**Q** 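Structure incoming, see below.
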Amino acid sequence: MPGIKQETPAGGTVRVRFAPSPTGPLHIGGARSALFNWLFARRYGGVFLVRIEDTDLERSSKVSEHSILDDLLWLGIDWDEGIRVGGACGPYRQTERLELYRKHAGELLARRYAYYCYCSEEDLAAERESLLARGEMPRYLGRCRSLDSAGRARLEGEGRRPVVRFKVPSDRIVNINDLVRGEVSFECSGIGDFIIMKSDGIPTYNFAVVVDDHTMSISHVIRAEEHLSNTPRQVLLYEALGWLAPDFAHISLILGRDRSKMSKRHGATAIGQYREKGYLPEALVNFLALLGWSPEGEEEIFSLEQLKEMFSLDRVAKSPAVFDLDKLNWLNGHYIRRLPVERLTELAIPFLERAGYIKPPVSPERYNWLKLAVSSVQEYLSCVEEVVAHVGIYFTDEVTLEGEEAGIVMAQDQVPAVLTTLRDKLSGACELTARLARELLKEVGKETGAGGKKVFMPVRIALTGRTHGPELNQVMAILGREKVAARLTAALERDNKDL
RNA sequence: GGCCCCAUGGUCAAGCGGUCUAAGACACCGCCCUUUCACGGCGGUAACCCGGGUUCGAAUCCCGGUGGGGUCACCA
């Protein structure tokens, strides 16, 4: 592809990373970045590492860190090096690497690539406003650049704690050869001296990433497009430190229905929320992979194993993608349908417990029965959570008619005869199997002279209150003789009352 | 507002100058399967943002416009 560099640098080992800041749960976008990095590493026999960027002391938490890591693992994304697992480039949490940043900041200071700045927030705000008013890019104009030691001493005397700013050359143009976007260039005149060390001695993002990516020998930085405009700053830092920058690949953003960056107001954005609703990791992974990347053929159903054989950056799209819940639901339903019943039942149990349908110790008999119930609604589910709504017909004590159509059907002339006949036949039967149910239904049809729909519909409605649902003979078998008889009786009584 | 990115059906997307009267998937509609619905099968509706170039030839290349998005923190 013209203008786009070789994906894998000749001779270089692929080393990529996912570097979340533990300020919240793992989001859809973050998960996709992690996935793309993981796939890229696996595809090219490289190393995938996870590093925690917790320099925002206010918002970072261990809770978030653990939840992000757990969600990654749940998705099937593991790492060869990094937090929890260790490695030669550790520690992998930025707050444990402060010495390193201070050392390199000191170096930049000594070589006059950086300087101390004592400007107050008020000064800065005023400057930003006037710049904005003039229609210019708000940036730091460099007031403290030429501060001498006397000036510094005076300001220190006032109790001011300085930040360290990087001196941005005003006359440069930084060119980035992005692996997905091609050539992108930025004029430094619009950047302004940015902060690399905060006044509390903690590095800022732009500085910490550079130091870490370099010291961890990262070869490719694959991240969301929102970081594209940070890249020139980082490139400048690499140059000043005398380091070779990695290759960059900025993947497009994931948008909400209204085409703006996905956020909480677009509904569920955290992986954990999908996990809780009963989405399967294989469906999420498959879906995420297709968001921005496309395979060569026409097939779209892929496992992680398959994806890692076929992933490549040159099939990553440049345009942003709208998160399509319909498609996720379809994919998830697809994966649910091919799940072994045992597995689906296991997944369904917590939901059924929460719904109050079953109680914790599930006996073997009860479990087998559950399997039947779950299996009868398997094809209806687009996520496991929905099992509750579908399986409700097996648990209610009182059947209530749902919808207008149900009432109309039950008002038909043949209904009493059909229900009575079926109930009578039941009393003779011992165990009501699906097979037997089918027989009985057939006989009822014959004896009442009502065929097909005329017998199936009333029975279905008498048993479930609904006009739609799993195969009737299955429903009967799952309910069992007693309940079927009881519900038939109840329906007949209800009918009498109406008359 | 400055800077940067993006632009094929409602959505995800293939397409890398001729094979495009433009693939596939989701959604939608219809038919079939089924004595229900769903699943499944088959079929259908539906797109190259606009204007200029370049070229024998442009969805594909260039420029401009328009639209959308991102970013401008002692957040990452």
Side-chain angles (χ1 to χ4, degrees), chain A residues 1-2 19-23 53-56 58-60 94 117 119 121 124-125 128 131-139 161-165 176 178 180-181 184-187 189-192 194-200 202-206 208-209 224-232 250 252-253 255 257-261 287 290-301 314-315 317-331 333-334 337 377-381 390 405 409 441-442 445 451-457 460-461 464 466-472:
Chain A
M1 202 180 245
S21 66
T23 54
E53 307 212 330
D54 59 347
T55 53
D56 183 342
E58 297 290 303
R59 298 190 299 148
S60 294
Q94 290 186 327
C117 167
C119 290
E121 277 187 51
L124 264 19
R128 182 159 45 239
L131 242 23
L132 233 28
R134 270 184 285 152
E136 285 184 54
M137 188 157 168
R139 71 208 120 99
R161 300 267 75 211
V163 298
V164 177
R165 281 186 190 272
I176 293 152
D178 192 276
V180 348
R181 260 145 243 287
V184 182
S185 53
F186 296 84
E187 283 188 35
S189 58
I191 295 180
F194 56 92
I195 296 173
I196 58 175
M197 291 295 270
K198 308 179 205 174
S199 53
D200 58 1
I202 306 288
T204 58
Y205 163 74
N206 280 120
V209 234
E225 195 196 318
E226 52 189 318
H227 289 294
L228 187 55
S229 51
N230 277 321
T231 311
H250 287 94
S252 60
L253 261 16
L255 274 24
R257 280 225 160 278
D258 64 353
R259 305 208 127 264
S260 69
K261 191 163 105 176
F287 177 70
L290 258 19
L291 222 47
W293 171 84
S294 66
E296 269 182 67
E298 291 183 352
E299 185 60 38
E300 293 201 343
I301 306 286
D314 48 48
R315 294 198 65 86
K318 298 199 248 193
S319 45
V322 172
F323 182 89
D324 183 6
L325 189 59
D326 279 336
K327 187 151 183 175
L328 205 213
N329 283 335
W330 170 77
L331 259 173
H334 170 89
R337 265 168 248 132
V377 302
Q378 182 163 14
E379 64 196 27
Y380 294 97
L381 311 179
H390 285 96
E405 202 193 338
V409 171
L441 254 7
K442 200 185 282 178
K453 249 189 167 122
K454 296 258 183 205
V455 9
F456 278 74
M457 270 316 217
R460 171 180 297 285
I461 295 165
T464 68
R466 305 176 189 178
T467 51
H468 304 310
E471 269 194 66
L472 194 50

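Because the structure is a prediction, the values reported are computed rather than measured. Throughout, a chain's letter reflects where its sequence line sits, starting with A, and its residues are numbered from 1.
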**Q** Quick one: which of B/C6, B/A76, B/G68 gets closest to the side chain of A/N230?
**A**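 So the nucleotide nearest the side chain must be B/A76.
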**Q** Expressed in whole Å, how much space separates the P atoms belonging to B/A59 and B/A47?
**A** 15 Å
**Q** If pairing requires Watson-Crick or G-U wobble contacts with both distances under 3.5 Å, which nucleotide is the partner of B/U54?
**A**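 No nucleotide pairs with B/U54.
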**Q** OP1 or OP2 of B/A73 less than 4.0 angstrom from a side-chain nitrogen or oxygen of A/R128, does that happen here?
**A**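 Affirmative; the distance criterion is met.
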**Q** Within the 4.0 Å heavy-atom criterion, would you say A/V163 contacts the bases, only the backbone, or no part of the nucleic acid?
**A**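 Base: the residue A/V163, judged by heavy atoms under 4.0 Å, touches a nucleobase.
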**Q** Could you check whether the side chain of A/D324 and the base of B/A27 have a donor-acceptor pair of N or O atoms closer than 3.5 Å, going by distance alone?
**A**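 No such pair is found, so the answer is no.
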**Q** Assign A/T55 to base, sugar-phosphate, or nothing according to its heavy-atom contacts below 4.0 angstrom with the strands shown.
**A**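 Sugar-phosphate, backbone atoms only, no base.
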**Q** Which value, in whole Å, describes the distance between the C1' atoms of nucleotides B/G43 and B/A7?
**A** 31 Å
**Q** Map A/S185 and A/L381 onto RNA chain B by nearest heavy atom, then report which one ends up closer to the 5' terminus.
**A** A/S185
**Q** Taking atom C1' in both B/G10 and B/C29, what distance in whole Å separates the two?
**A** 14 Å
**Q** Scan A/R337 against the nucleic acid and name what it touches under 4.0 Å (heavy atoms): base, sugar-phosphate only, or nothing.
**A**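 Sugar-phosphate contact only - A/R337 comes under 4.0 Å of backbone atoms but never of a base.
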**Q** Between A/E299 (CD) and B/A14 (P), how many Å, whole number?
**A**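 In whole Å, B/A14 P and A/E299 CD are 17 Å from each other.
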**Q** What does A/K261 touch in the nucleic acid at a heavy-atom separation under 4.0 angstrom: a base, only the sugar-phosphate, or nothing?
**A** sugar-phosphate
**Q** Indicate yes or no for a side-chain donor-acceptor contact from A/K198 to the backbone of A/T55 under 3.5 Å, with no hydrogens or angles considered.
**A**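 It does hold such a pair.
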**Q** Could you tell me whether A/G292 contacts a base, only the sugar-phosphate backbone, or nothing, with contacts defined as non-hydrogen atoms closer than 4.0 Å?
**A**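 Sugar-phosphate contact only.
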**Q** Considering every strand shown, what is the Watson-Crick or G-U wobble mate of B/U21 when both distances are under 3.5 Å?
**A** none
**Q** Contact class for A/K318 vs. all strands (heavy atom < 4.0 Å): base, sugar-phosphate, or nothing?
**A**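 Counting heavy atoms under 4.0 Å across all strands, the contact made by A/K318 is with sugar-phosphate only.
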**Q** Round to a whole Å and report the spacing from CG of A/D326 to P of B/A13.
**A** 15 Å
**Q** Rounding to a whole Å, what distance do you find between A/I195:CD1 and B/A73:C1'?
**A**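 Taking CD1 of A/I195 and C1' of B/A73, I get 8 Å after rounding.
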**Q** Please give the nucleotide sitting opposite B/A7 as a Watson-Crick or G-U wobble pair, both distances under 3.5 Å, or none.
**A**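 Partner of B/A7: B/U66.
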**Q** Here's a test of your reading of the structure: between A/E53 and A/E379, which maps to the more 5' nucleotide of RNA chain B?
**A** A/E379
**Q** Have a look at A/S199 and say if it touches a base, only the backbone sugar-phosphate, or nothing, with a 4.0 Å heavy-atom cut-off.
**A**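 Here A/S199 touches the bases of the nucleic acid.
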**Q** Side chain of A/S229 only, please: which of B/C6, B/A14, B/U71 is the nearest?
**A** B/U71
**Q** Which listed nucleotide (B/G70, B/U11, B/C6) is nearest to the side chain of A/S260?
**A** B/G70
**Q** Looking at A/E299, I'd like to know if its CD atom is crowded, meaning that more than 12 non-hydrogen atoms belonging to other residues, nucleotides or ligands lie closer than 6.0 Å.
**A** yes
**Q** Of all the nucleotides listed (B/C12, B/C74, B/A13), which has the minimum atom distance to the side chain of A/A317?
**A** B/A13
**Q** Provide the Watson-Crick or G-U wobble partner of B/G30, both distances under 3.5 Å; none if there is no partner.
**A** B/C42
**Q** Of the nucleotides B/A76, B/A7, B/C5, which has the atom closest to the A/R181 side chain?
**A**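 Of the options given, the side chain of A/R181 lies nearest B/C5.
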**Q** Residues in side-chain hydrogen bond (donor to acceptor under 3.5 Å, both in side chains) with A/E53, at least two apart?
**A**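 With sequence neighbours excluded, A/E53 shows a side-chain hydrogen bond (donor to acceptor under 3.5 Å, both in side chains) to A/R51, A/Q94, given in chain and number order.
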**Q** Does a nitrogen or oxygen in the side chain of A/R315 sit under 4.0 Å from OP1 or OP2 of B/G15?
**A** yes
**Q** Quick one: sort the A/F287 and A/F323 rings into parallel, tilted or perpendicular, breaks at 30° and 60°.
**A** perpendicular
**Q** Give me the atom names and distance for the closest heavy-atom approach of A/R315 to A/S294.
**A** NE-O, 2.9 Å
**Q** Nearest to the A/Y380 side chain among B/U11, B/A38, B/C74, which nucleotide is it?
**A** B/A38
**Q** Across the strands shown, which category fits A/R460 at heavy-atom distances under 4.0 angstrom: base, sugar-phosphate, nothing?
**A** base
**Q** Take A/L331 and A/I301, measure what side-chain contact (heavy atoms from CB on, under 4.5 Å) needs, and give me the verdict at the end.
**A** CA-CA 8 Å; A/L331 259 173; A/I301 306 286; 3.6 Å; yes
**Q** Over all strands shown, is A/E187 touching base, sugar-phosphate only, or nothing at heavy-atom distances under 4.0 angstrom?
**A** nothing
**Q** How many Å lie between CD on A/E226 and P on B/C3, as a whole number?
**A** 21 Å
**Q** Can you measure A/F323 atom CZ to B/G10 atom P for me and round it to whole angstrom units?
**A**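 Value for this atom pair: 21 Å.
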**Q** Assign A/H250 to base, sugar-phosphate, or nothing according to its heavy-atom contacts below 4.0 angstrom with the strands shown.
**A** nothing
**Q** Tell me which nucleotide, if any, is Watson-Crick or G-U wobble paired with B/A47 when both distances must be under 3.5 Å.
**A**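 With both distances under 3.5 Å required, B/A47 matches none.
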**Q** Is any side-chain N or O of A/R259 closer than 4.0 Å to OP1 or OP2 of B/C12?
**A** yes
**Q** How close or far is atom P of B/A73 from atom CE of A/M197, stated in whole angstroms?
**A** 20 Å
**Q** Looking across every strand, which nucleic acid part, if any, lies under 4.0 Å from A/F186 by heavy atom: base, sugar-phosphate, or nothing?
**A** sugar-phosphate
**Q** NA contact type, A/S294, heavy-atom cut-off 4.0 Å: base, sugar-phosphate, or nothing?
**A**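 A/S294: backbone/sugar contact only, no base atoms under 4.0 Å.
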**Q** Using distance alone, with no hydrogens and no angle criterion, decide if A/N206 and A/T204 have a side-chain donor and acceptor under 3.5 Å apart.
**A**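 No, A/T204 and A/N206 have no side-chain donor paired with an acceptor closer than 3.5 Å.
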**Q** So which nucleotide does B/C16 pair with, by the Watson-Crick or G-U wobble rule with both distances under 3.5 Å?
**A**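 Base partner found: none.
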**Q** Over all strands shown, is A/P20 touching base, sugar-phosphate only, or nothing at heavy-atom distances under 4.0 angstrom?
**A**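 Nothing, no heavy atom under 4.0 Å.
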**Q** Check this for me: does the side-chain of A/E300 come within 3.5 Å of the base of B/G24 through a donor and an acceptor?
**A**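 Between B/G24 and A/E300, which were checked side chain against base, a qualifying N/O pair under 3.5 Å is present.
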**Q** Check every atom of B/A25, B/U36, B/C6 against the side chain of A/W330 and return the nucleotide holding the closest atom.
**A**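 My answer, after comparing the listed nucleotides, is B/A25.
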**Q** To the nearest angstrom, how far is A/E225 atom CD from B/C3 atom C1'?
**A**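 That distance rounds to 13 Å.
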**Q** Round to a whole Å and report the spacing from CD of A/E298 to P of B/A13.
**A** 17 Å
